[in-house]
Amino acid sequence: MNVHAPKIPAPKIPASETPARETLTAALPAETEWLLEHVAHNRFLPQPPAGSIYVGDGDFLAIGAEFLRHFVTLGGLRRSHRVLDVGCGIGRMAVPLTQFLHPERGSYEGFDPVLEGVMWCTTTITPAYPRFRFQRLDVAHALYNPQGVVSGAELVLPFANRSFDFALMVSVATHLPPDELAIYLREIARVLAPGGKLFLTAFIVDSGAVETEGRDARLGFVREADGPSWFANAEAPLAAVAFDDGFIDALLREAGFDIALKSLGHWRGRPAPHYQDIFVAMKRGDRP
């Protein structure tokens with residue numbers, strides 16, 4: 001999730017650490033480039049107090065602008081889209097989206113199990129941007145919400161079928177066990193309209209990730225038994241979770257998605273325009 005409760009036993013590995021200026025697609029229109037610069041450097045945009053940003057290192061607005069770039073160039077996000085933010089945290093993705101989504105045709109719904117982030121977003125963002133709504137789902141998580149009443153394996157999102165055009169799952173799969181990840185993907189597929197897209201970040205362990213000496217030193221993943229999970233911290237397994245290469249691909253297809261993009265990140269020590277690995281998946285039109 002994008003927000004941490006205080007005093008967790010291990011630090012979260014951020015989805016991004018250095019704002020990337022490269023993309024995997026053609027250059028953006030000049031007005032969109034201007035918007036990204038505006039988001040990254042506009043000191044009047046809301047930012048939570050530094051002590052409340054439980055999202056790891058990095059500049060709040062600059063990283064938000066980086067991801068907005070990825071949503072547009074890699075995911076095909078449009079200003080008129082209805083956006084769902086899974087694990088919205090303390091608004092790192094929401095704040096830049098307030099500047100991009102159309103104030104009448106676009107909309108945003110975010111949820112997270114950590115109350116602090118949801119309350120900050122509700123009291124700071126929603127009054128100025130009423131089409132941005134946030135709610136807490138009391139989903140249990142060993143690190144972030146251990147007293148939660150809803151099992152992640154029984155998650156049902158409080159949204160109707162086909163309610164969204166674009167879903168974000170940034171640095172969420174990196175903190176879920178495999179059975180819960182499968183449930184999340186099925187529920188996201190249910191609430192996306194046919195042709196809707198999911199933008200998901202993850203850690204994928206392939207031979208390159210295992211063998212590369214230059215990978216992030218914090219991510220010395222060790223495989224759990226027969227897999228598909230790999231944990232970077234045995235004392236707090238869900239602090240950073242990776243999966244066997246091909247596992248998330250199969251879950252996406254089973255949930256009703258076709259994979260439009262799979263781009264490996266530079267956490268593994270190889271050049272890439274983003275830190276975590278990225279999937280963009282499109283919901284097939286034959287699903288309800």
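Within the 4.5 Å cutoff, side-chain heavy atoms of Asp206 are placed close to those of Arg268. Side-chain contact between Phe111 and Leu157 is present, with at least one heavy-atom pair separated by less than 4.5 Å. Residues His70 and Thr201 have side chains not in contact (no heavy-atom distance under 4.5 Å, counting atoms from C-beta outward). In this structure the side chain of Tyr184 reaches within 4.5 angstrom of the side chain of Val139, judged on heavy atoms.
Taken to the nearest 0.5 Å, the OG1 atom of Thr98 stands 14.0 Å off from the CZ atom of Arg131. Separation of atoms OG (Ser229) and CG (Leu238) is listed at 8.5 Å; rounding is to 0.5 Å. Rounded to the nearest 0.5 Å, atoms CZ (Arg136) and OG1 (Thr122) are 12.0 Å apart. Here the CZ-CG distance, from Phe279 to Leu252, works out to 6.5 Å after rounding to the nearest 0.5 Å. Taken from CZ in Phe166 to CG in Leu77, the straight-line distance is 5.0 Å, to the nearest 0.5 Å. Here the straight-line distance linking atom CZ of Phe243 with atom CH2 of Trp230 works out to 13.0 Å at 0.5 Å rounding.
Arg133 contributes no side-chain N or O that, together with a main-chain N or O of Ser107, makes up a donor-acceptor pair within less than 3.5 Å. Panel note: side chain Asp165, backbone Arg82; a donor-acceptor pair is recorded below 3.5 Å. Side-chain atoms of Lys283 do not come within 3.5 Å of backbone N or O of Ala193 as any donor-acceptor pair. A distance-only check finds no donor-acceptor pair linking the side chain of Arg79 to the backbone of Arg105 [under 3.5 Å]. Using a distance-only test at 3.5 Å, with no hydrogens or angles considered, a donor-acceptor pair links the side chain of Asp277 to the main chain of Ile204.
When hydrophobic clusters are built by joining Ile, Leu, Val, Met, Phe, Trp and Tyr residues whose side-chain heavy atoms come closer than 4.5 Å, directly or via intermediates, Leu97 is grouped together with Trp34. Linking ILVMFWY side-chain heavy atoms closer than 4.5 Å, directly or via other members, places Val222 and Leu176 in two distinct hydrophobic clusters. Residues Leu143 and Leu115 do not share a hydrophobic cluster, defined by chaining ILVMFWY side chains whose heavy atoms lie under 4.5 Å apart. Cluster annotation: Leu198 is connected to Ile259 through the hydrophobic network of ILVMFWY side chains, with a link wherever side-chain heavy atoms come within less than 4.5 Å. Hydrophobic clustering, with ILVMFWY side chains joined whenever heavy atoms are under 4.5 angstrom apart, keeps Ile278 apart from Met282.
Phe132 approaches Ala94 most closely through the heavy-atom pair CE2-O, 3.5 Å. Contact between Pro237 and Phe231 at its shortest, heavy atoms only, is O-CD2, 3.3 Å. What you find for Ile183 and Ala153 is that their closest heavy atoms are CG1-O, 3.6 Å. Between Pro127 and Pro130, the closest heavy-atom pair is O-CD, 4.5 Å. Minimum heavy-atom separation, Thr124 to Pro46: CG2-CB, 3.6 Å. Taking each heavy atom of Leu61 and Gln47 in turn, the nearest pair found is CD1-NE2, 3.3 Å.
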#### Entry: side-chain contact (heavy atoms from CB on, under 4.5 Å) evaluation trace for Leu181 with Val241
CA-CA 11 Å; Leu181 178 56; Val241 182; over 6 Å; no

### Task
With side-chain contact (heavy atoms from CB on, under 4.5 Å) as the test, would you mind laying out the steps for Lys262 and Ile248 before giving the verdict?
CA-CA 10 Å; Lys262 179 179 179 181; Ile248 292 180; over 6 Å; no

#### Entry: Stepwise side-chain contact (heavy atoms from CB on, under 4.5 Å) test for Val72 and Leu36
CA-CA 11 Å; Val72 174; Leu36 293 170; over 6 Å; no

### Message
Under the criterion salt bridge (charged side-chain N to carboxylate O under 4.0 Å, His left out), I'd like the reasoning laid out for Arg69 against Glu66: C-alpha separation, chi angles, the key distance, then a yes or no.
### Response
CA-CA 5 Å; Arg69 174 184 295 273; Glu66 174 194 348; over 6 Å; no

### From CA spacing to verdict: side-chain contact (heavy atoms from CB on, under 4.5 Å), Leu155, Glu180
CA-CA 8 Å; Leu155 177 70; Glu180 294 187 19; over 6 Å; no

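The aromatic rings of Tyr108 and Phe134 sit tilted relative to each other, their planes meeting at an angle between 30° and 60°. Between Phe71 and Phe67, the two ring planes are tilted [angle within 30° to 60°]. Relative orientation of the Phe60 and Trp120 rings is perpendicular, given thresholds of 30° and 60° on the angle between their planes.
A side chain to side chain contact (heavy atoms under 4.5 Å, CB included) with Val86 is found for one member of Leu137, Leu200, Leu185, Ile188 and no other, namely Ile188.
Counting non-hydrogen atoms of other residues, nucleotides and ligands closer than 6.0 Å to CG of Asp226 gives a total of 12 or fewer.
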